[in-house]
Amino acid sequence: MRMKDGPNVAGIAALIGDRARSEILTALLGGQALTATELAEVADVTKQTASAHLARLVDAKLVAVEKQGRHRYFRLADDDVAQLMESLLGVAYRAGALRLRSSPREPALRKARVCYDHLAGDLGVLAFDAFSKRRWIAHDESGLTLSKAGAEFCRELGIDVDAARRGRRPVCRACLDWSARRHHLAGQVGALLLERCYALGWAKRRRGTRVVDFTPRGEREFLRLFGG
């Protein structure tokens, strides 16, 4: 049989298709570095089994590991893996492949959550829509970037635009939101926007979850900037 050229899509799909590994990758989508013990609990497997899964994910460059003292912390390898997982969640949601056990956190996840390191959910989509309608983002040969007006807006909000442009990842990127089925803002600017919301005291990540809770004042300010 003639060997096919190109990337081994089937190999990556098989890795992600395992239930425990998909649970591990989804948990890491929150952007936090987690231990094998924490990920074993999420995936409902033993620590030994979780470690074996993690070794395969690290070998495939889907997950990166960082050693700190005696501990090893795992996180998604990069933004591309996060984008892939968020897109798969979107497909699963549209296809009706939902968990049978519902969670009271789901409405909060739909409203505002962390997708790797940027804001997703209804409020994330609202921000992307505002960037698009007000022409704060523009298309160039590399994809999306900040327009002159967008850069001015970001600076006024306290976002370091120069730092965003120096980064290795895209300045702006559209990321498909699985709950809203529309795009939210990813890339350097998306990450810095979420950090700015934290710094201004508008929002705080709920401990142990991907939920981002906005204060009443923070939500008002966010809607003032991006609503309408």
Q | Worked verdict on Val65 versus Phe74 for side-chain contact (heavy atoms from CB on, under 4.5 Å) | A | CA-CA 5 Å; Val65 60; Phe74 298 88; 3.6 Å; yes

Q.
I need the minimum non-hydrogen distance between Leu193 and Ala127, along with the two atoms involved.
A. CD2-CB, 4.2 Å

Q) Taking atom NE2 of His139 and atom CD1 of Ile137, what is their separation to the nearest 0.5 Å? A) 6.5 Å

**Q.** Min side-chain heavy-atom separation Val114-Arg205 under 4.5 Å
**A.** yes

Q. Counting only heavy atoms not in Arg155, do more than 12 fall under 6.0 Å of its CZ?
A. yes

Q | Pairwise side-chain contact, Phe131 with Leu144, heavy-atom cut-off 4.5 Å (strictly under) | A | no

Q.
Quick check against the 3.5 Å criterion: does Arg19 have a side-chain atom that pairs as donor or acceptor with the backbone of Ala43?
A. yes

Q | Closest non-hydrogen atom pair, Val189 against Cys154 | A | CG1-SG, 4.1 Å

Q) Shortest non-hydrogen contact from Ala180 to Asp122? A) CB-OD1, 4.2 Å

Q | Validation row: Lys111, Pro107 side chains within 4.5 angstrom (heavy atoms) | A | no

Q. Does some side-chain heavy atom of Arg220 sit less than 4.5 Å from a side-chain heavy atom of Arg217?
A. yes

Q. Hey, what do you get for CD1 (Ile159) to CD (Gln188), rounding to the nearest 0.5 Å?
A. 11.0 Å

Q.
Is it the case that over 12 heavy atoms from other parts of the model lie below 6.0 angstrom from the CZ atom of Arg165?
A. yes

**Q.** Qualifying residue for side-chain contact (heavy atoms from CB on, under 4.5 Å) with Met85, from Leu29, Asp80, Leu62
**A.** Leu29

Q. When hydrophobic residues are tied together by side-chain contacts of less than 4.5 Å, even through go-betweens, does Trp202 share a cluster with Leu192?
A. yes

Q.
As an exercise, state the distance from SG of Cys115 to CG of Leu109, rounded to the nearest 0.5 Å.
A. 11.5 Å

Q: Show your working on side-chain contact (heavy atoms from CB on, under 4.5 Å) between Leu123 and Val212 and close with a plain yes or no.
A: CA-CA 10 Å; Leu123 293 183; Val212 175; over 6 Å; no

Q) Is a side-chain N or O of Ser147 found less than 3.5 angstrom from the main chain of Arg135, in a donor-acceptor match? A) yes

Q) Is it true that Val81 and Leu88 fall in one hydrophobic cluster, defined by side-chain heavy atoms closer than 4.5 Å? A) yes

Q | Min side-chain heavy-atom separation Arg72-Val58 under 4.5 Å | A | no

Q.
Which residue is it: His118, Arg113, Arg173? I am looking for the one with a side chain to side chain donor-acceptor pair (under 3.5 Å) to His184.
A. His118

Q: State, yes or no, whether a side-chain contact exists between Glu221 and Leu225 at a heavy-atom distance under 4.5 Å.
A: no

Q.
Measuring from atom CZ of Phe222 to atom CG of Leu126, what distance do you get when rounded to the nearest 0.5 angstrom?
A. 6.0 Å

Q | Short side-chain to backbone donor-acceptor contact, Arg182 and Val125, under 3.5 Å | A | no

Q) Hey, quick one: are Val45 and Leu54 part of the same hydrophobic cluster, counting side-chain heavy atoms closer than 4.5 Å, chains of contacts allowed? A) no

Q: Please report the shortest heavy-atom distance between Leu146 and Ala151, naming the atom on each side.
A: CD1-CA, 4.0 Å

Q) Would you find a donor on one side and an acceptor on the other, under 3.5 Å apart, between the side chain of Arg21 and the backbone of Leu25? A) no

Q: Identify the two heavy atoms, one from Val211 and one from Asp213, that lie closest to each other, and give their separation to 0.1 Å.
A: CG1-OD1, 3.5 Å

Q | Trace of the side-chain contact (heavy atoms from CB on, under 4.5 Å) decision for Leu119 with Phe214 | A | CA-CA 12 Å; Leu119 182 65; Phe214 276 75; 4.2 Å; yes

Q) Would Thr26 and Val42 count as a side-chain contact (heavy atoms from CB on, under 4.5 Å) if you check the C-alpha gap in whole Å, the side-chain angles of each, and the deciding distance to 0.1 Å? A) CA-CA 10 Å; Thr26 301; Val42 167; over 6 Å; no

Q. Which heavy-atom pair separates Tyr116 from Arg169 by the least distance, and what is that distance?
A. CD2-NH2, 4.5 Å

Q) Got a second to check how far Leu57's CG is from Ile12's CD1, nearest 0.5 Å? A) 9.0 Å

(Q) Treating Asp129 as the side-chain partner and Ser132 as the backbone partner, does any N or O pair qualify as donor plus acceptor under 3.5 Å? (A) no

(Q) Is there a path of hydrophobic side-chain contacts, each under 4.5 Å between heavy atoms of I/L/V/M/F/W/Y residues, joining Ile24 to Tyr73? (A) no

Q) Parallel, tilted or perpendicular for His183 and Phe128, by the 30°/60° rule? A) tilted

**Q.** Rounded distance (nearest 0.5 Å) linking atom CZ of Phe153 with atom CZ of Phe226
**A.** 4.0 Å

